[in-house]
*Asks:* 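Mind having a look at this structure? Questions to follow.
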Amino acid sequence: MSTHRWHASSGRGTAARIVTGIGALFALIEVVYILLIVLGANAANAFFRFVSSLAEPLALFFPGLFQLANYNLAVILNYGLAAVFWLVVAGLIARILR
């Protein structure tokens with residue numbers, strides 16, 4: 001028979017987890033957008049437009065940062081950098097909150 005102890009989490013730990021989760025969600029949106037572009041999704045589709053309406057503002061200043069001849073590679077690079085940016089920034093803020 002084992003006993004489980006429930007620990008009350010600190011407010012700072014919870015805040016750090018929330019910030020990390022939000023950063024991961026933002027990065028996931030960017031990755032889904034990249035996949036939709038690279039896999040040739042229909043731009044007129046409602047889901048594509050929804051993801052695009054979320055991903056483009058979250059990409060901040062990264063779209064157009066690198067203009068390559070290959071459009072798919074440019075999307076991967078620019079929006080991929082935005083995804084990495086959100087993961088790094090969320091990680092830094094979470095570390096500060098802890």
Side-chain angles (χ1 to χ4, degrees):
M1 188 165 168
S2 67
T3 59
H4 296 283
R5 294 185 186 186
W6 295 92
H7 299 285
S9 64
S10 69
R12 290 190 299 188
T14 302
R17 281 193 297 276
I18 290 171
V19 167
T20 302
I22 291 171
L25 177 65
F26 287 178
L28 178 65
I29 290 168
E30 297 297 339
V31 169
V32 169
Y33 182 69
I34 291 169
L35 289 174
L36 289 173
I37 294 290
V38 170
L39 297 175
N42 179 6
N45 181 278
F47 179 71
F48 180 89
R49 289 194 318 263
F50 173 71
V51 171
S52 176
S53 72
L54 295 175
E56 290 175 2
L58 289 175
L60 303 174
F61 49 84
F62 290 103
L65 184 62
F66 296 102
Q67 295 181 352
L68 305 173
N70 184 334
Y71 177 72
N72 285 345
L73 186 58
V75 168
I76 292 169
L77 184 60
N78 292 320
Y79 285 87
L81 282 173
V84 171
F85 169 82
W86 284 115
L87 291 174
V88 169
V89 167
L92 290 173
I93 293 171
R95 182 173 289 170
I96 290 168
L97 290 174
R98 284 190 195 116

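Values reported hereafter were calculated over all heavy atoms of this structure, with side chains retained and with hydrogens, waters and symmetry mates removed.
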*Asks:* Output all residues satisfying side-chain contact (heavy atoms from CB on, under 4.5 Å) with Leu97, sequence neighbours left out; order by chain, then residue number.
*Replies:*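 Ala15, Ala16, Val19, Ile93.
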*Asks:* Please list every donor-acceptor pair under 3.5 Å in which a side-chain atom of residues 70-82 meets a protein atom from a residue at least two apart or in another chain.
*Replies:*
residue	atom	partner	partner atom	Å
Asn70	OD1	Asn72	N	3.1
Asn70	OD1	Leu73	N	3.4
Asn78	OD1	Phe66	N	3.1
Asn78	ND2	Phe66	O	3.0
Asn78	ND2	Ala74	O	3.0

*Asks:* Please go through Val84's hydrophobic cluster and name the other residues, only I, L, V, M, F, W, Y counting, with side-chain heavy atoms under 4.5 Å joining them.
*Replies:* Val88, Leu92
*Asks:* In the hydrophobic cluster built from side-chain contacts under 4.5 Å, what are the other members alongside Leu87?
*Replies:*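 Members other than Leu87 - counting any ILVMFWY side chain reachable under 4.5 Å - there are none.
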*Asks:* Of all the heavy-atom pairs spanning Ala59 and Glu30, show the shortest one and how long it is.
*Replies:*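 Reported closest heavy-atom pair: N-OE2, 3.3 Å.
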*Asks:* To the nearest 0.5 angstrom, please state how far the CZ atom of Arg17 sits from the CD1 atom of Ile22.
*Replies:*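 It comes to 13.0 Å.
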*Asks:* Quick check on the hydrophobic clustering: are Val89 and Leu60 connected, directly or via other members, by side-chain heavy-atom contacts under 4.5 Å?
*Replies:*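 Linked, Val89 and Leu60 end up in one cluster.
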*Asks:* Of all heavy-atom pairs between Gly23 and Ala90, which one has the smallest distance, and what is that distance?
*Replies:*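 Shortest heavy-atom separation between Gly23 and Ala90 comes out as CA-CB, 3.6 Å.
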*Asks:* Val31, Leu65: one ILVMFWY side-chain cluster at the under-4.5 Å cut-off?
*Replies:* no
*Asks:* Just how far is it from atom OG of Ser53 to atom CD1 of Ile29, taken to the nearest 0.5 Å?
*Replies:* 9.0 Å
*Asks:* Applying side-chain hydrogen bond (donor to acceptor under 3.5 Å, both in side chains), name anything that partners Tyr33, two or more places apart in sequence or on another chain.
*Replies:* Glu56
*Asks:* Show me the donor-acceptor pairs within less than 3.5 Å that the side chains of residues 42-51 make with the rest of the protein, sequence neighbours left out.
*Replies:*
residue	atom	partner	partner atom	Å
Asn42	OD1	Ala44	N	3.0
Asn45	OD1	Phe47	N	2.7
Asn45	OD1	Phe48	N	3.4
Arg49	NH1	Ala44	O	2.4

*Asks:* Looking only at atom types and distance, does a side-chain atom of Trp86 sit under 3.5 Å from a main-chain N or O of Leu58, one as donor and one as acceptor?
*Replies:*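 Yes; at least one donor-acceptor contact below 3.5 Å.
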*Asks:* According to a 4.5 Å side-chain heavy-atom criterion applied to Ile, Leu, Val, Met, Phe, Trp and Tyr, with indirect links allowed, do Ile37 and Leu28 form part of one hydrophobic cluster?
*Replies:*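 Looking at the clustering, Leu28 is in the same group as Ile37.
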*Asks:* Starting at CG of Leu36, measure out to OG of Ser52 and round the result to the nearest 0.5 Å.
*Replies:* 9.0 Å
